[in-house]
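As structure tokens, the structure follows; a few thoughts come after it.
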Amino acid sequence: MKVLLRNPRREVDIDGRRSVNSLLAELDLPRESHLVIRNGTLVPGDAELSADDVVEIRPVISGGC
Amino acid sequence: MVAVGSKCRVCKGPAIIDLPRHNAHFCADHFLELCRRQVAKAIEKYDMIHPDDKVLVAVSGGKDSLAVWDLLIDLGYKADGLYIGLGIGEYSEVSGQYARAFAAERGLRLIEVSLRDDYGYDIPTASRATRRVPCSACGTSKRHLFDKAALDGGYTVLVTGHNLDDEAAVLFGNTLRWDVEYLSRQLPVLPARSGFPKKVKPLVRLTEREMAAWCIVRGIDYLVDECPMAAGNKHLAYKATLNAIEQESPGSKASFYLNFLDNMAPLLAGRSASATDALGTCTSCGAPTTSDLCAFCRTAAKARAHEPVPVELVLSKGRRRR
């Protein structure tokens, strides 16, 4: 599957099916500070991602105070 | 193939988000309902906004400020927006585009102020001229211009998009230093007083993950990229620390901050009274200050006297330091 990562913007290819939580763990990205969008729709941590999905992992942390 | 996923706690329909702090999943409609309820609860509990208030929302083009503006309109309040162009290179140009597009698509009024055009400086230059971190010059400039725009425009309430993560991170920093003065002022509502508008934070019961989700579900385009000048600041480090705790113990951020408001803030009430009573008036702009010139006028004077500094130059210096 194609996975879009942000800050900095980049794309990686991941082989095989896996859950959202597994993908985040594999990429060492904390669940609390990221959302996952599959084919344009938000999905929860236990959603299964397929090889033909387009996935965006969006960070949610802002640094301003 | 559609996998059988988790169900919404309310309607048992397909969930779009898991919220470990509520030990629940929600579908899009019931997630939005939860957000509306949390904002309405904050507004009521802390007496933030009344129906007859004239409301100004400080808007950056990021998720939190656009979400709070959207939520207030959705809840039936009338609110204008205020965007401040900070002159942080392409980041500021793009953030302004998001703020303008949001307002235009909804027929909302957006007031714009440009630091460079209206005050003769920008944040990278101010950071270099004052020899302080960019977030310091930025905060000083924004706070002053928020107050000024609200008072000049006759607004009775100034709204900011500070969320639960923002407030918990500031509380964490203040607690690490046991800074009683700052702790006593860390409230979701600051009442109006001479030279200051009433300031409120309706998102204090919602996390930034929830606010990003609100924007995605509502179809709000916002600037996802992080401010290039914020990278490596303490605020981000505190947030990462709190999120590591949250991951192990969901609900920790909410109990840390909201229980502070319930249990600790009342004990600290009045501790900052001496500082506010001693405020005088800035000899240049008339804003409240503890010295002859307010912090904004001191920053602006130094920055205007300095040759403009491109954001890339400040960033490269910051990277070398780290």
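Note that the structure is predicted; figures quoted are calculated from it, not measured. Letters A, B, ... are given to chains in the order of the sequence lines, protein chains preceding strands, and every chain is numbered from 1.
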Open item on the list: Just so I know, are the side chains of A:I37 and B:I216 near enough to count as touching, which here means a heavy-atom distance under 4.5 Å?
Closed with: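 Of all side-chain heavy-atom pairs linking B:I216 with A:I37, at least one is under 4.5 Å.
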Open item on the list: I want to check something: taking the side chain as every heavy atom from C-beta on, are A:D46 and B:S6 in contact at a cut-off of under 4.5 Å?
Closed with: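 Yes, at least one pair of side-chain atoms sits under 4.5 Å.
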Mark yes when over 12 heavy atoms from residues, nucleotides or ligands other than [X] sit less than 6.0 Å from its [atom1]; otherwise mark no.
{"X": "B:E248", "atom1": "CD", "result": "no"}
{"X": "B:F256", "atom1": "CZ", "result": "yes"}
{"X": "B:R132", "atom1": "CZ", "result": "no"}
{"X": "A:R9", "atom1": "CZ", "result": "no"}
{"X": "A:D13", "atom1": "CG", "result": "yes"}

Which atoms of [X] are under 4.5 Å from chain A, going by heavy atoms: the side chain, the backbone, both sets, or neither?
{"X": "B:Y222", "answer": "side chain"}
{"X": "B:Q247", "answer": "side chain"}
{"X": "B:N163", "answer": "neither"}

Nearest non-hydrogen partners of [X] and [Y], listed with the distance:
{"X": "A:S62", "Y": "B:H235", "result": "O-CD2, 4.3 Å"}
{"X": "A:L35", "Y": "B:A213", "result": "CD1-N, 3.4 Å"}
{"X": "A:N7", "Y": "B:V224", "result": "ND2-O, 3.6 Å"}
{"X": "A:I61", "Y": "B:K239", "result": "CG2-CD, 3.7 Å"}

Open item on the list: I need the residue from B:M229, B:H25, B:R209 with the largest number of non-hydrogen atom pairs under 4.5 Å to chain A.
Closed with: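 Maximum pair count with chain A is reached by B:R209.
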Open item on the list: Checking A:S33 against B:N243: is there a side-chain donor and acceptor pair closer than 3.5 Å?
Closed with: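 Not at all, the side chains of B:N243 and A:S33 share no donor-acceptor pair under 3.5 Å.
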Task: B:K253/A:E32 salt bridge by N-O under 4.0 Å criterion - done: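 Judged by the 4.0 Å cut-off on N to carboxylate O distance, A:E32 and B:K253 do form a salt bridge.
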- [ ] May I ask you to say whether B:D18 pairs ionically with A:R31, meaning some side-chain N is under 4.0 Å from a carboxylate O?
- [x]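 The answer is yes: the pair qualifies as a salt bridge.
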Task: Proximity breakdown for A:L49 and chain B, heavy-atom pairs closer than 4.5 Å - done: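 Answer is neither: A:L49 stays 4.5 Å or more from chain B.
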Task: Portion of A:L42 that has a non-hydrogen atom of chain B nearer than 4.5 angstrom - done: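 For A:L42, backbone and side chain are both near chain B.
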